[in-house]
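The structure appears right after this line, and notes come after that.
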Protein chains: 2
Amino acid sequence: MQNIGLKLKALRNTKGLSQRKLAARANVSNASISLIEHGRTDPSMGLLKRILDSLDVSFAEFFSADDFDDEKYFYRNDELSEISSGLISYMQVGSDLSKSHLQILYERYHPGADTGQSMLSHNAEEGGIVLQGRLEVTVGEQVQILLAGDAYRFNSSLPHRFRNTGNKDCIVVSACTPPSF
Amino acid sequence: MQNIGLKLKALRNTKGLSQRKLAARANVSNASISLIEHGRTDPSMGLLKRILDSLDVSFAEFFSADDFDDEKYFYRNDELSEISSGLISYMQVGSDLSKSHLQILYERYHPGADTGQSMLSHNAEEGGIVLQGRLEVTVGEQVQILLAGDAYRFNSSLPHRFRNTGNKDCIVVSACTPPSF
DNA sequence: TTGAATTGTTAAATTAATTTAACAAAAAAT
DNA sequence: ATTTTTTGTTAAATTAATTTAACAATTCAA
């Protein structure tokens with residue numbers, strides 16, 4: 001478990017704490033911190049929990065925290081990655097999201113556009129806001145027509161479907177975590 | 001660590017495995033499974049990893065799998081939760097995000113609006129698309145003016161700042177995972 | 001330049017996790 | 001019915017994590 005050690009050391013350093021300071025806050029021995037950081041022990045969950053708690057970091061955060069660090073933060077309108085699919089065009093913020101947790105899309109549904117059915121069952125969570133037009137959204141047993149200003153959010157494991165039932169383009173800004181494609 | 005035990009037991013049952021079957025696949029003793037499930041031991045990371053690996057479940061999944069399940073999927077424009085803060089108004093999709101991983105906001109920056117500085121260091125990831133107006137965004141050492149159609153995305157642990165440097169309202173749809181407030 | 005405090009490491013001692021091996025209870029097989 | 005497996009639990013034995021307490025190296029003060 002060398003990897004955990006490296007992560008912990010990095011985390012400790014960003015908080016500017018010494019092994020002993022961290023040990024005191026977490027109520028563990030400083031030796032434990034040293035041994036874990038060097039991968040010379042296989043820490044118990046309880047020990048690691050006390051340490052992470054004292055750093056205000058949850059297990060989920062700690063294990064999902066493989067920070068992406070491209071230095072690209074800004075995207076001009078024409079730099080958005082276009083992903084076309086039939087009558088729907090998706091403009092994605094960022095191109096390679098493989099190390100990312102968040103996907104943001106500017107979506108344009110042409111009249112008659114229809115996603116068909118469930119985009120699979122990712123353990124994901126998604127939502128969006130309608131900016132223009134008319135969007136029929138189905139989630140589980142529920143169906144709704146959303147107009148400009150309306151919004152949706154649900155767990156992506158539920159079967160869902162999007163349709164533009166209007167006669168003009170429908171525009172939506174959506175987000176999904178983790179990315180769905 | 002009673003909670004880990006309950007989770008593991010539930011997970012094992014959904015896969016239809018007995019303690020011994022699981023133990024064999026994970027190459028651990030069946031006693032360990034029993035002790036963990038009853039919270040009578042504080043398992044080591046390595047032991048738990050072997051068990052989860054054999055179930056094709058990552059640590060991240062194991063700890064983040066607290067599915068939210070409100071049956072509320074749709075939000076009319078006037079149902080968005082307004083969170084005002086000085087010259088900025090945030091319209092949030094959903095009210096209680098405590099069990100959620102995703103926060104979606106419709107943001108309106110009045111002229112002169114300024115977030116000041118770093119919204120702290122959440123181990124989060126955020127991004128957004130500018131729909132209207134002029135937004136100055138600072139991330140780390142970089143500063144950019146974004147106009148309608150432009151976008152941003154970055155790791156929220158970087159110091160960042162938003163300012164409306166135009167003379168009209170600026171509108172942005174943003175997303176953040178996990179929610180920042 | 002000296003002394004005090006703080007750093008990270010590590011052997012030895014202690015405590016606890018993990019396995020081995022046994023047990024009883026329940027289900028399956030003959 | 002009765003044997004044979006399979007189930008989950010647990011004491012005892014073994015192995016390993018964790019702490020205590022020491023060490024040398026570095027930084028800070030005066």
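Source: prediction; values computed, not measured. Residue numbering restarts at 1 for every chain, and letters A, B, ... go by the order of the sequence lines.
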Tell me whether the OP1 or OP2 atom of C/dT9 has a side-chain N or O from A/Gln19 closer than 4.0 Å.
yes
Counting any heavy atom closer than 4.0 Å, what does A/Ile33 reach on the DNA or RNA strands: base, sugar-phosphate only, or nothing?
nothing
Indicate yes or no: at least one non-hydrogen side-chain atom of B/Ser89 is less than 4.5 angstrom from one of B/Ile83.
no
Spacing of A/Leu22 atom CG relative to C/dT7 atom P, expressed in whole Å
12 Å
Measure distances between side-chain N and O atoms of A/Asn30 and base N and O atoms of C/dT9, and say whether any donor-acceptor pair falls under 3.5 Å.
yes
Expressed as a whole number of angstroms, how long is the span from A/Arg40:CZ to C/dA12:P?
13 Å
Rounded to whole Å, please give me the gap between CD1 in B/Ile36 and P in C/dA17.
11 Å
Honestly curious: do A/Met91 and B/Ile129 fall in one hydrophobic cluster under the side-chain, below-4.5 Å linking rule?
yes
Short side-chain N/O contact from B/Arg12 to OP1 or OP2 of D/dG8, under 4.0 Å
yes
Taking OP1 and OP2 of D/dT9, is either one under 4.0 Å from a side-chain nitrogen or oxygen of B/Ser34?
yes
Closest-nucleotide mapping onto DNA chain C: is B/Arg20 or B/Ser44 further toward the 5' terminus? I mean the 5' end.
B/Ser44
To the nearest Å, give me how far apart CD (A/Glu37) and P (C/dT10) are.
13 Å
Are A/Leu135 and A/Leu87 connected in a single hydrophobic cluster, I mean Ile/Leu/Val/Met/Phe/Trp/Tyr linked by side-chain heavy atoms less than 4.5 Å apart?
no
Mind checking whether A/Tyr90 and A/Tyr109 have parallel, tilted or perpendicular rings, split at 30° and 60°?
perpendicular
For B/Lys21, answer base if it contacts any base atom (sugar-phosphate contacts may also be present), sugar-phosphate if it contacts only those atoms, and nothing otherwise; contact means non-hydrogen atoms under 4.0 Å.
sugar-phosphate
Could you tell me whether the phosphate oxygens of C/dT19, OP1 or OP2, come under 4.0 Å of any side-chain nitrogen or oxygen in B/Ser32?
yes
Candidates C/dT19, D/dA17, D/dA21 - which lies nearest the side chain of B/Ala31:
C/dT19
Give me the one residue out of B/Lys9, B/Gln19, B/Lys7 that meets side chain to side chain donor-acceptor pair (under 3.5 Å) with B/Glu37.
B/Gln19
Between CE of A/Met45 and C1' of C/dT18 the distance, given in whole Å, is 16 Å
Atom-to-atom span, CG of A/Asp42 to P of D/dA17 - whole angstrom
6 Å
For A/Ser18, report the nucleic acid contact type (base, sugar-phosphate, nothing); a contact means any heavy atom under 4.0 Å.
sugar-phosphate
Rounded to the Å, how far apart are A/Leu48 CG and C/dA17 P?
15 Å
Between C1' of C/dA17 and NE2 of B/His38, the distance in whole Å:
17 Å
